[in-house]
Protein chains: 2
Amino acid sequence: MRKDAVQNRERLLRAARQLFADRGLDVPLDEIARVAGVSIGTLYNRFPTRDALVEAVFADRRATVADLAERALAADDAWDGFAGFLTGVCELQAADLGYNDLAARTAPVDGDRGPALMIEIVERAQRAGTLRGDVTLTDLAFVIWGVAATIAATRQTAPGAWRRHLALMLDGLRAGAARPLPGPPMSAGQAGAALRDC
Amino acid sequence: MRKDAVQNRERLLRAARQLFADRGLDVPLDEIARVAGVSIGTLYNRFPTRDALVEAVFADRRATVADLAERALAADDAWDGFAGFLTGVCELQAADLGYNDLAARTAPVDGDRGPALMIEIVERAQRAGTLRGDVTLTDLAFVIWGVAATIAATRQTAPGAWRRHLALMLDGLRAGAARPLPGPPMSAGQAGAALRDC
DNA sequence: CCTCAACTTGAGACAGGCCTCAAGTTAGCT
DNA sequence: AGCTAACTTGAGGCCTGTCTCAAGTTGAGG
């Protein structure tokens, strides 16, 4: 790849990172090109689809989440690990509207060491007796989707409100006050399909 | 209003009701007109803005929610009333994707006897000691927003999944296992502003 | 039956965003 | 310096959806 092409690629990534963070994943591509100081054609040369650009911008997040997961498993207290993991992911969402959008459409940590780590986080806390036994990995999607919605709604007007939302969900996830959950949990397939269509 | 105009108005409402329910609030207006068997111009004659049409289609819901609220207050058990109210609202959302969209952008019951009834539902359950004391009316928005997101995501693939989401939130709202909530609750103004911008 | 205000119509102007491609420019090798 | 493949450019075609308005149609009162 030629030197100027590399430079343009980086400019585009910088601009996209900023605009996605501020305005979400649906920012017009023209605008990203403009902010990058590059023509729309060049944007398409470097990133043939919007997804390719999104992927490149948020590639680092995968590793960050994997780190969070490993730290969760390293925590002394299983519940603290579990709660800390969810809090960490939600903090990433709150810090970046683009990632917030993405999290709502993508299972966090799905490549790599993937869901395996997350399953272990859940099961460890369940073995410790602090996470209710009737929840499944797929139920965590409710936390992500829900908090994502709250972040999107309150970001301008009441940043930090999402922490109350999360706190309520965490209290609901604790073994203590658990009433049996209705219906079967979503299968992995159902959760995946749900992510696919919105 | 002329007879044919009335008839067209009703056709439009019927078509809009159906399309909103199936596909959400963002259905193209052209399509509504087409399904109604009427030209786009007529649609604009009857409903000058999309909001006017939405308002007319979902006018009945306001009354339905007010009914739910009154039934909640009439319940023997304050918690059952509270939980039943939220469940009722979420059922309305699950039954109609358009109303689901609307609920995420509008405080349920805001005209009329408005939030007064809802405040009473909350405070009654708190006096009974079953609803945690540190939640506010504005915190219920998290339930609506969150469940709305889950409904939108799972509607095709796992209908009913939202009931698990709601159950988790209700368990989090119970006094039993409550850990203190972080930060101050949203003010009514903040919640209103949040609804306004998304 | 006549009349006219009320109503309907749909082509088309407009806006926003996506994506392409022929023409022009440039990095970097020889 | 000359050459070529790599790269950039942006006008313009496309699409989808909103909204308007001049022309035509029709209900209903006289």
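We name chains A, B, ... by the order of the sequence lines, and we start the count at 1 in each one.
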Which nucleotide in dG17(C), dG27(D), dG17(D) has an atom nearest any side-chain atom of D30(B):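 Selected nucleotide: dG17(D).
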Nearest to the P28(B) side chain among dT18(D), dT9(C), dC7(D), which nucleotide is it?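 Comparing dT18(D), dT9(C), dC7(D) against the side chain of P28(B), the answer is dT18(D).
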Would you check if the side chain of D171(A) reaches a backbone N or O of A178(B) as a donor-acceptor pair within less than 3.5 Å?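 Pair absent, no side-chain N/O of D171(A) close to backbone of A178(B).
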Less than 4.0 angstrom between a side-chain N/O of [X] and OP1 or OP2 of [N], yes or no?
X      : N       : result
R2(A)  : dT8(D)  : no
N8(B)  : dT8(C)  : yes
R9(B)  : dC7(C)  : no
S39(A) : dG10(D) : no

Please step through salt bridge (charged side-chain N to carboxylate O under 4.0 Å, His left out) for the pair D96(B) and R17(B), ending with a clear verdict. CA-CA 9 Å; D96(B) 188 311; R17(B) 196 161 1 247; over 6 Å; no
Using a 6.0 Å distance limit plus a 45 degree cone around the ring axis, check whether R61(B) lies over the aromatic ring of Y99(B).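 Yes, a cation-pi geometry.
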How is L29(A) classified with respect to the nucleic acid when contacts are heavy atoms under 4.0 Å: base, sugar-phosphate, or nothing?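 Contact class for L29(A): sugar-phosphate only.
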Check every strand shown and say whether R46(B) touches a base, only sugar-phosphate, or nothing at a heavy-atom separation below 4.0 Å.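 Sugar-phosphate: the residue R46(B), judged by heavy atoms under 4.0 Å, touches backbone atoms but no base.
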Taking atom [atom2] of [N] as reference, at what distance in whole Å does atom [atom1] of [X] sit?
X      : N       : atom1 : atom2 : result
I40(A) : dG10(D) : CD1   : C1'   : 10 Å
L25(B) : dG17(D) : CG    : P     : 15 Å
D4(A)  : dG28(C) : CG    : C1'   : 10 Å
R23(B) : dG17(D) : CZ    : P     : 9 Å
M1(A)  : dG28(C) : CE    : C1'   : 15 Å
N45(A) : dT26(C) : CG    : P     : 16 Å
L43(B) : dG17(D) : CG    : C1'   : 13 Å
R34(A) : dT9(D)  : CZ    : P     : 15 Å

Point-to-point distance, once rounded to the nearest 0.5 Å, from CG of N8(A) to OG1 of T42(A):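 That separation rounds to 5.5 Å.
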Does R50(B) contact dT18(D) through a side-chain donor or acceptor facing the base, at a distance under 3.5 Å?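 Flag unset: no donor-acceptor pair detected.
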Partner of T150(A) by side chain to side chain donor-acceptor pair (under 3.5 Å), out of R155(A), H165(A), R164(A):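 The single option meeting the side chain to side chain donor-acceptor pair (under 3.5 Å) with T150(A) is H165(A).
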Contact nearer the 5' end of DNA chain D, comparing K3(B) with Y44(B):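 Result: Y44(B).
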